[in-house]
Protein chains: 2
Amino acid sequence: MNKKEEILKIASKEFAKYGYKGVSLENIAKKANVTKAAIYYYFKNKFELYETILLPKIEELIDEIYSFNSDNPIEELNHYIHSYAKIFKKYPCFSSILAHEFVDNGRNFTENIIQKLSKIFNKLISILNRGIHQGIFEITNPFSVQLMIVSPLIMHQSTKNLRKRISKYIDIKIDSDIEDIANTISKKILKAILKE
Amino acid sequence: MNKKEEILKIASKEFAKYGYKGVSLENIAKKANVTKAAIYYYFKNKFELYETILLPKIEELIDEIYSFNSDNPIEELNHYIHSYAKIFKKYPCFSSILAHEFVDNGRNFTENIIQKLSKIFNKLISILNRGIHQGIFEITNPFSVQLMIVSPLIMHQSTKNLRKRISKYIDIKIDSDIEDIANTISKKILKAILKE
DNA sequence: TTAAACTTACTAAACAGTAAGTAAGGTAGC
DNA sequence: GCTACCTTACTTACTGTTTAGTAAGTTTAA
């Protein structure tokens, strides 16, 4: 593996673990067996390194979400939820980076990134609207639905260790795969917003 | 208002906004119109200041959650969810601090705090178990339910500005009170885990 | 006069970023 | 086929800033 790839690999893990501000380039350099100046040889600054990791994942999520079309809002919502799970599973760092940004109010999101996130959210809105229009969904605030979908998926990844620590005091098994969680969420959300 | 209270007031906001590591005591001092050394006069170190803010809120949440007992798991679950909403509404900084800790895997949680969080989680487990035992709840992983309850409530607070930024690109109204969200979540969760 | 409630002025470490240098390999000109 | 000169891919050693934390001194009120 060449040095640039090595830097990106280590940096992804670091940003996932500590968030943008918490990451030290010195530390990345040490773990990647290069000097800090080598990072600056490949990337203009800390933010360019960050964006190089983050942007492609957002774009892949958009592609995944928009890759499926159906007249059935239930199928569409299911695909929307599983798109997140699929990309989060493929890039575990991605959901953790998003988690850090969300609690930080997107401090390091450029306007470009905000627009891409809006595009993702727009898809959910159109799914919900069609469902309401077809009379099969209850009227629900899309922001609430988005929060109910994305935050458990994200938190599932980022609270892994915390759950492990808590389970020392409680007799309970740690849950398994993010796709299982996505299935659960998908079923529960559908059950929750379907009209009876 | 005396200086200690002023420091605590400012510090709460700062920890909520930036998380433990992101907070600068120099900055708190400036905003509270004291010197940094004044903070060290009242608090042994940064962590003691943090714990002074965090611990009482956790304890109040425990009290609130355990203040209600019923044989009806539906009522109990509803109370469990609204306990979070009540305390989060009373201390908006609390949910944001929790959010930062959760994405940080509880890096600044002492064993003491972990035990208290376990106690909270235990209540949910016993509610779910009773519901399952009475045959009215589906068998669901309590961690998933906890995530579905707490993460949207927390994220609702911490993504406020982010949602505002996104709504520039999307024609949608920002949702209102956290208690409305709690109501929505409570209804949806119940609908989701109730056996039909 | 003494204790509480601070302030001033510092230290040491960590941080993003940079300037200047260098080793290795390729290329151009003769 | 050999020298001169680039370019790529870095490293060394630094700057300036921000940080948690401290030691020693000062003011104020009982």
Side-chain angles (χ1 to χ4, degrees), chain A residues 1-55 93 96-97 100-101 103-110 112-113, chain B residues 1-55 93 96-97 100-101 103-110 112-113:
Chain A
M1 192 181 277
N2 68 34
K3 294 200 176 180
K4 191 178 178 183
E5 277 171 40
E6 187 67 21
I7 291 167
L8 282 169
K9 199 183 97 188
I10 301 288
S12 300
K13 284 186 201 165
E14 292 289 299
F15 282 126
K17 212 168 173 189
Y18 304 108
Y20 182 77
K21 212 198 160 186
V23 159
S24 147
L25 295 185
E26 203 94 47
N27 207 27
I28 290 176
K30 224 176 270 169
K31 289 187 185 175
N33 275 315
V34 295
T35 58
K36 190 174 52 169
I39 298 176
Y40 280 90
Y41 174 74
Y42 289 110
F43 305 95
K44 208 178 77 199
N45 50 30
K46 191 181 183 181
F47 186 75
E48 195 183 279
L49 170 63
Y50 187 62
E51 230 185 3
T52 303
I53 290 163
L54 183 57
L55 263 184
C93 75
S96 298
I97 290 173
H100 274 104
E101 284 299 339
V103 306
D104 244 12
N105 260 313
R107 183 163 288 123
N108 312 295
F109 281 167
T110 56
N112 178 25
I113 293 176
Chain B
M1 189 179 279
N2 68 34
K3 294 202 178 180
K4 191 178 179 184
E5 278 172 38
E6 187 68 19
I7 290 166
L8 283 169
K9 200 183 97 187
I10 301 288
S12 301
K13 284 185 201 165
E14 293 288 299
F15 282 126
K17 214 169 173 188
Y18 304 108
Y20 183 76
K21 211 197 160 186
V23 159
S24 148
L25 296 185
E26 201 92 49
N27 206 27
I28 291 176
K30 222 176 273 170
K31 288 188 183 175
N33 275 317
V34 296
T35 58
K36 191 175 51 170
I39 297 176
Y40 280 90
Y41 175 75
Y42 288 110
F43 305 95
K44 206 179 78 200
N45 50 30
K46 190 182 181 182
F47 185 74
E48 195 182 280
L49 171 61
Y50 187 62
E51 230 184 5
T52 304
I53 291 163
L54 184 56
L55 263 183
C93 75
S96 298
I97 289 173
H100 274 105
E101 284 299 339
V103 305
D104 244 12
N105 261 310
R107 181 162 290 124
N108 312 295
F109 281 165
T110 57
N112 179 26
I113 292 176

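Lettering follows sequence order; numbering is per chain, from 1. Not measured: the values here are computed from a predicted model.
- Protein atom OH of Tyr42(A) is 13 Å distant from nucleotide atom C1' of dT11(D), rounded to whole Å.
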In the 5'-to-3' direction, what one-character label does each nucleotide of nucleotides 10-18 of chain C receive under the scheme B = base within less than 4.0 Å of a protein heavy atom, S = sugar-phosphate only, - = no such atom? -----SBBB
Residue pair Lys21(A), Asp104(A): steps toward the side-chain contact (heavy atoms from CB on, under 4.5 Å) verdict: CA-CA 10 Å; Lys21(A) 212 198 160 186; Asp104(A) 244 12; 5.7 Å; no
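- Within the 4.5 Å cutoff, the side chain of Ile7(A) has heavy atoms near those of the Phe43(A) side chain.
- Considering every non-hydrogen atom in both Ile10(A) and Ala32(A), the closest pair reads CG1-CB, 3.9 Å.
- With a 4.5 Å cut-off on side-chain heavy atoms, Leu8(B) and Tyr42(B) do not count as touching.
- Of the listed nucleotides (dA5(C), dT7(C), dA9(D)), dA5(C) has the atom at the smallest distance from the side chain of Tyr41(B).
- Per the geometry, CD belonging to Glu6(B) stands 17 Å off P belonging to dA5(C), to the nearest Å.
- Below 30°, between 30° and 60°, or above 60°: for Phe47(B) and Tyr20(B) the angle between ring planes is above 60°, a perpendicular geometry.
- If you take NZ of Lys30(A) and P of dT11(D), they are 14 Å apart, rounded to a whole angstrom.
- Contact check, Lys3(A) against dA9(D): no side-chain N or O comes under 4.0 Å of OP1 or OP2.
- Arg107(B) has its side chain within reach of Tyr18(A): a pair of non-hydrogen atoms, C-beta onward, lies under 4.5 Å apart.
- Near-neighbour residues of DNA chain D inside residues 11-19 of chain B, defined by a heavy atom below 4.0 Å, are absent.
- At distances below 3.5 Å, at least one donor-acceptor pair connects side-chain atoms of Lys46(A) with backbone N or O atoms of Val23(A).
- Proximity of a side-chain donor or acceptor of Glu101(A) to a complementary backbone N or O of Asn108(A) within less than 3.5 Å is detected.
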